[in-house]
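The structure under discussion appears below in the form of structure tokens.
The figures here come from the full heavy-atom set of this structure, side chains too, leaving out hydrogens, waters and symmetry mates.
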2 protein chains.
Amino acid sequence: MPDLGALELLLAVARLGSLGRAAKELGITQPAASSRVRSMERQLGVALVDRSPRGSRLTDAGALVTDWARRIVEAAEAFDAGAQALRDRRDSRLRVAASMTIAEYLLPGWLIALRSQRPDTAVSLTAGNSTAVAERLLAGDADLGFVEGLTVPTGLDSAVIAHDSLIVVTAPGHAWARRGKPLGAEELAATPLILREEGSGTRQVLDTALGGLARPLIELSSTTAVKASAVNGAGPAVLSELAVGEELSARRLVGIPLEGVELRRALRAVWPTGHRPTGPARDLLSLTRAGVG
Amino acid sequence: MPDLGALELLLAVARLGSLGRAAKELGITQPAASSRVRSMERQLGVALVDRSPRGSRLTDAGALVTDWARRIVEAAEAFDAGAQALRDRRDSRLRVAASMTIAEYLLPGWLIALRSQRPDTAVSLTAGNSTAVAERLLAGDADLGFVEGLTVPTGLDSAVIAHDSLIVVTAPGHAWARRGKPLGAEELAATPLILREEGSGTRQVLDTALGGLARPLIELSSTTAVKASAVNGAGPAVLSELAVGEELSARRLVGIPLEGVELRRALRAVWPTGHRPTGPARDLLSLTRAGVG
DNA sequence: CGCACTCATAAGTCCAGGTTATGCCCTCAT
DNA sequence: ATGAGGGCATAACCTGGACTTATGAGTGCG
């Protein structure tokens with residue numbers, strides 16, 4: 001398994017064109033960097049950088065490895081942004097409460113953007129369901145909240161910042177992946193589906209859209225488990241599009257077009273009625289709304 | 001920065017419900033696992049798992065962290081699949097040669113799938129441009145090739161396995177993100193764009209589609225650099241949709257609908273004329289075609 | 001009550017990755 | 001030409017963190 005530090009080093013070498021400069025950027029010495037890259041090359045059995053007395057340049061294999069590495073490091077940065085927000089729990093200038101889906105898929109990106117824009121803003125994050133978010137806001141324990149769902153908790157003002165569409169997905173081998181015409185509500189309702197458990201946000205939306213008729217093939221308690229089942233060909237699943245971007249573009253899953261079924265739900269920023277977001281809360285809010293145009 | 005090993009451990013704990021079992025799966029002892037999780041919790045300042053005499057369950061924060069961690073680990077697995085293919089250069093049963101874009105974005109996923117389906121197949125990978133791929137195949141140094149582009153090198157048979165569409169993207173704040181009607185060819189050709197350098201595959205497709213008229217605002221030598229410029233609002237960019245899936249779903253970039261411009265190019269599997277792929281090459285080929293339906 | 005499972009603590013070992021120190025190679029400017 | 005400077009490699013040493021084994025303690029069950 002790769003070592004994150006080594007990957008960062010490799011990216012730095014690619015960017016700066018020299019082992020020494022890369023080493024300095026990461027706060028280590030040049031020999032340390034040299035040895036790290038060397039040991040990585042030994043492990044891969046391929047030369048990654050062309051060393052010359054005028055600097056170091058990536059080889060072809062190095063460029064490929066670097067591109068793969070970049071994905072890992074970007075995911076790690078998102079993790080870090082989220083982790084920092086979890087860590088700085090108390091004395092933060094901006095306290096955010098968010099529902100799970102938003103905290104999982106969207107917040108890390110926003111936090112990275114906010115950090116690059118206002119590097120000195122400390123953000124703290126708590127995650128929970130809609131009512132928990134509302135409680136924290138009303139108790140003054142959070143400055144800004146994010147919820148998904150069909151209704152806005154009372155006592156809160158809100159702004160729609162995005163929409164989350166549920167989509168029907170199957171493994172590429174499934175018969176639905178080949179069908180010519182879009183899927184209708186009746187057929188969807190008549191087919192057993194891989195679903196989140198009753199009471200979950202996505203299940204709620206689906207039941208509403210179909211008039212309470214969704215038939216579960218399997219019920220699972222996490223989005224990830226649903227995804228895994230669908231990828232393994234257990235059947236068609238209904239999931240937030242946020243959760244399956246990766247799988248769709250890698251064609252591990254295929255989206256099935258729908259017709260006459262509306263599976264959108266609003267993602268909303270919320271705050272106590274009257275208390276218009278100001279300062280860092282306003283910054284974050286405008287970041288999130290930028291995407292909607 | 002997080003430690004990959006600790007993240008894997010956390011995922012294993014989540015899946016298996018016990019520190020001890022997770023430890024065993026990773027080949028370490030229970031105290032080692034215990035201490036690792038503990039140190040991670042100390043670093044984050046949040047309890048991640050609820051320990052009980054009957055096992056360990058994730059806390060809410062733990063579930064969130066685990067979801068973030070899963071992304072990193074998945075990227076690392078893709079890296080690992082690619083790295084292994086680079087490592088086993090010589091005596092492998094299946095030797096693949098692929099163009100950069102395919103090697104970068106698609107192959108790792110295929111290799112993971114192939115590994116789970118045929119765990120004992122050793123794959124080796126070399127990356128290069130179309131002519132290099134053709135040379136290796138014709139010289140008998142590779143069993144199966146993948147190329148993108150408008151033409152098939154002579155001496156090779158091919159099968160289209162997917163299509164790669166170029167798309168026009170801008171930062172969400174750009175005026176085009178708000179326009180109502182699709183963009184036409186003339187307007188696209190008249191606007192300076194952030195592009196890859198002349199001679200690159202994507203540039204080639206764009207020039208062809210526009211009749212050689214693309215006007216560069218900036219020319220950059222890597223897909224990543226183009227992406228970064230576009231995200232920072234330098235202007236509209238043209239990129240493979242494979243490269244921007246992440247950015248689109250996080251709304252760091254917005255896709256601009258086009259009209260009357262065809263920016264698709266075929267991704268093809270290729271092999272020496274007559275030499276129909278057999279054995280592991282056939283397995284890999286059928287994996288890649290599964291997505292097309 | 002003792003067995004089987006969980007997790008925590010303690011004490012000891014070991015190596016990966018770091019450091020400093022040094023030398024070689026190349027280029028460029030004086 | 002020659003010395004200065006940047007870039008990389010090698011060598012020898014140091015250290016801390018992560019692993020190990022050994023043990024104890026809490027819970028539930030036959």
Would you say [X] places a side-chain N or O within less than 4.0 Å of OP1 or OP2 belonging to [N]?
{"X": "B/Arg54", "N": "D/dG28", "value": "yes"}
{"X": "A/Ser34", "N": "D/dA9", "value": "yes"}
{"X": "B/Arg51", "N": "C/dT6", "value": "no"}
{"X": "A/Arg21", "N": "D/dG7", "value": "yes"}
{"X": "B/Ser35", "N": "D/dC19", "value": "no"}

Checklist entry - Angle class for the B/Trp110/B/Phe146 ring planes (parallel below 30°, perpendicular above 60°, tilted otherwise)? => result tilted

Checklist outcome for this item: So, with a heavy-atom separation below 4.0 Å from DNA chain D, the residues of residues 23-33 of chain A are A/Gln30, A/Pro31

Atom-pair distance ([atom1] on [X]; [atom2] on [N]), nearest Å:
{"X": "A/Met40", "N": "C/dG17", "atom1": "CE", "atom2": "P", "value": "12 Å"}
{"X": "B/Arg38", "N": "D/dC19", "atom1": "CZ", "atom2": "C1'", "value": "17 Å"}
{"X": "B/Leu4", "N": "D/dA18", "atom1": "CG", "atom2": "P", "value": "14 Å"}
{"X": "A/Leu19", "N": "D/dG6", "atom1": "CG", "atom2": "P", "value": "16 Å"}
{"X": "B/Leu9", "N": "D/dC19", "atom1": "CG", "atom2": "P", "value": "9 Å"}
{"X": "B/Asp50", "N": "D/dG26", "atom1": "CG", "atom2": "C1'", "value": "16 Å"}
{"X": "A/Glu41", "N": "D/dA9", "atom1": "CD", "atom2": "C1'", "value": "13 Å"}
{"X": "B/Leu48", "N": "C/dC7", "atom1": "CG", "atom2": "P", "value": "15 Å"}

Under a 3.5 Å distance rule, please check whether [X] uses its side chain to pair with a backbone N or O of [Y] as donor and acceptor.
{"X": "B/Arg87", "Y": "A/Gln43", "result": "yes"}
{"X": "B/Arg36", "Y": "B/Leu10", "result": "no"}
{"X": "A/Thr59", "Y": "A/Leu48", "result": "yes"}

Checklist entry - With the threshold set at 4.0 Å, does a side-chain nitrogen-carboxylate oxygen contact exist between A/Glu74 and B/Lys227? => result no

Item to check | Heavy atoms from other residues, nucleotides or ligands near CG of B/Asn129 exceed 12 (cutoff 6.0 Å) | outcome: yes

Next on the checklist: Tell me the closest heavy-atom pair linking A/Leu195 and A/Pro216, and the distance in Å.
Outcome noted: CD1-CA, 4.0 Å

Next on the checklist: At 4.0 Å (heavy atoms only), tell me whether B/Ser39 reaches a base, stays on the sugar-phosphate, or touches nothing.
Outcome noted: nothing

